[in-house]
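Ligands are counted one by one from 1 in listed order, and the atoms in each one are counted from 1 as well. Please read these numbers as outputs of a predicted model, since none were measured by experiment.
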Amino acid sequence: MSVSVQGLTKRFGQEGEAAAAAGVTFQAPTGKITSLLGPSGSGKSTVLRLIAGLEEPDEGRIEIDGIDCTKTPARSRGVGFAFQSYALFHHMTVHDNIAFGLKIRKKPKADIASRVDELLALVQLQEYGSRFPGQLSGGQRQRIALARALAIRPKVLLLDEPFGALDARVRVELREWLAEFQEKTQVTTLLVTHDQEEALELSEHVVLLQDGKVVQTGSPHHVYDKPATPFVASFLGGANVLHGQIKNGRADVGAFAVEGPQGATNGMAVQAFVRPQDIRLEKPSEEPSNNVQLARIERMTRVGGQVKLSVRVGTGEPMTVQMSKTEIDLLGVQQGDRVMVDLKEAKVFVEDYTI
Ligand code: ADP
Ligand code: MG
């Protein structure tokens, strides 16, 4: 059951004001997780609510499994949703929460009971049917919310920041759990998230949104390795930005000269995005070269197995570097030491680039 949207537009304000969704077009492949990824306010929830049928588009078309359902009422679209704001009913038991959608569809009692048992087993909470939501942990509540969304055997599952309110450890656990769960059930899933790690880890397809528009779509690898715009490059990976211009066919940015964008000519202003994990520090024995320069370590912070370093090349701006603790230990460097900074990878764009 693929989902396809074409030219989806939704305005909340007056004509002329920026639309919450502006001509959104993408396809979510059958049986996979597709992430809608973007910063807060980029229109992710609006797009999901349009697909769910909770909002009506001003323009555009929504197809589920090749069938136009732009005008179909929410209840008849065959979608299940679990939204952060769409909490469990607190006065109902877990069992009744899961049964809710089946009851309002007037399914036979015996069928409802067996379906709820099946779903409780699926989310591995068999023993919890008679509890109330207040007697569950945050992670357990989210699993019940998923079971409730799945009760009607939806063709499509819509999840809007489903782990948003949970603490970091539970988020990561649930993320792994959702990946396994999705593999088992193979239900076409649309996942809204502002968390790039969540999107890159969980999904096979990523749709990147900015200001209500799709700026790039593709596999997690593709959008990460080949960002289409400076926005995507800086949004995915928290990059260092170096400004400069094209000189002798290369991008001359700060102390470095890296490969320029295709078609760029001498004198063009450029910006290079360099991810902290795409920089390596080396012993200061090497000769400097185009992408290897001498620098001083100004600050080092250890976060678990990773070390974040702030280095300054000459009199330039400080740059952030991320390396594993093992790599840093092998190198044997400390704050204040001189090192060589090696830019392994830079994404370079012409400066006046607009989307
Ligand atoms: P995201 O989920 O990416 O954070 P939203 O889809 O919630 O973004 O919002 C996109 C834009 O639309 C924001 O500017 C938001 O303020 C606006 N918006 C969303 N829902 C409404 C609404 N019901 N009424 C008015 N404006 C809205
Ligand atoms: Mg949202």
- request: Considering only non-hydrogen protein atoms, determine which one is nearest to atom 7 (O) of ligand 1 and report residue, atom name and distance to 0.1 Å.
  value: S45 CB, 3.8 Å

statement: Residue, atom and distance of the protein heavy atom nearest atom 1 (P) of ligand 1 read G41 N, 3.5 Å

- prompt: Once you round to the nearest 0.5 Å, how far does CG of L343 lie from CG of D278?
  reply: 9.0 Å

field: Distance-only N or O hit between ligand 1 and G43, under 3.5 Å
entry: yes

message: Taking the six-membered ring of F12 as reference, does the cationic atom of K10 (NZ for Lys, CZ for Arg) lie under 6.0 Å from its centre and within 45° of its axis?
response: yes

statement: heavy-atom search around atom 3 (O) of ligand 1 in the protein gives K44 NZ, 2.8 Å

- prompt: Counting only heavy atoms on the protein side, is anything nearer than 4.0 Å to atom 16 (O) of ligand 1?
  reply: no

task: Decide whether T193 and E198 meet the rule of one side-chain donor and one side-chain acceptor closer than 3.5 Å.
output: yes

message: If we ignore hydrogens and angles and just use 3.5 Å, is the side chain of T185 paired with the main-chain N or O of F181 as donor and acceptor?
response: yes

query: Among protein heavy atoms, which lies nearest atom 6 (O) of ligand 1, and at what distance?
result: T46 OG1, 2.6 Å

- prompt: Taking the six-membered ring for Trp, are H91 and F89 parallel (under 30°), tilted (30 to 60°) or perpendicular (over 60°)?
  reply: tilted

field: atom 27 (C) of ligand 1 - nearest protein heavy atom and its distance
entry: F12 CD1, 3.2 Å

- prompt: Do any of the N/O/S atoms of T46, backbone or side chain, fall under 2.8 Å from the Mg ion (ligand 2)?
  reply: no

- prompt: Does Y128 have R143 sitting over its ring (NZ/CZ under 6.0 Å from centre, angle to axis within 45°)?
  reply: no

message: With respect to E55, determine whether any N or O atom, backbone or side chain, lies less than 3.5 Å from an N or O atom of ligand 1.
response: no

Between CG on residue L146 and CG on residue L159, distance to nearest 0.5 Å: 5.5 Å

- prompt: Are the side chains of T265 and I246 in touch, meaning some heavy atoms are under 4.5 Å apart?
  reply: no

- request: Report the member of A20, A19, A21 with the shortest heavy-atom distance to atom 12 (O) of ligand 1.
  value: A20

message: I'd like to check atom 25 (C) of ligand 1 in this structure: does the protein have a heavy atom lying under 4.0 Å from it?
response: yes

message: If we only consider heavy atoms of S40, is any one of them less than 4.0 Å away from an atom in ligand 1?
response: yes

query: What atoms in ligand 1 come closer than 4.0 Å to a heavy atom of P39?
result: 3 (O)

message: Between K44 and D160, does any side-chain N to carboxylate O distance fall below 4.0 Å?
response: no

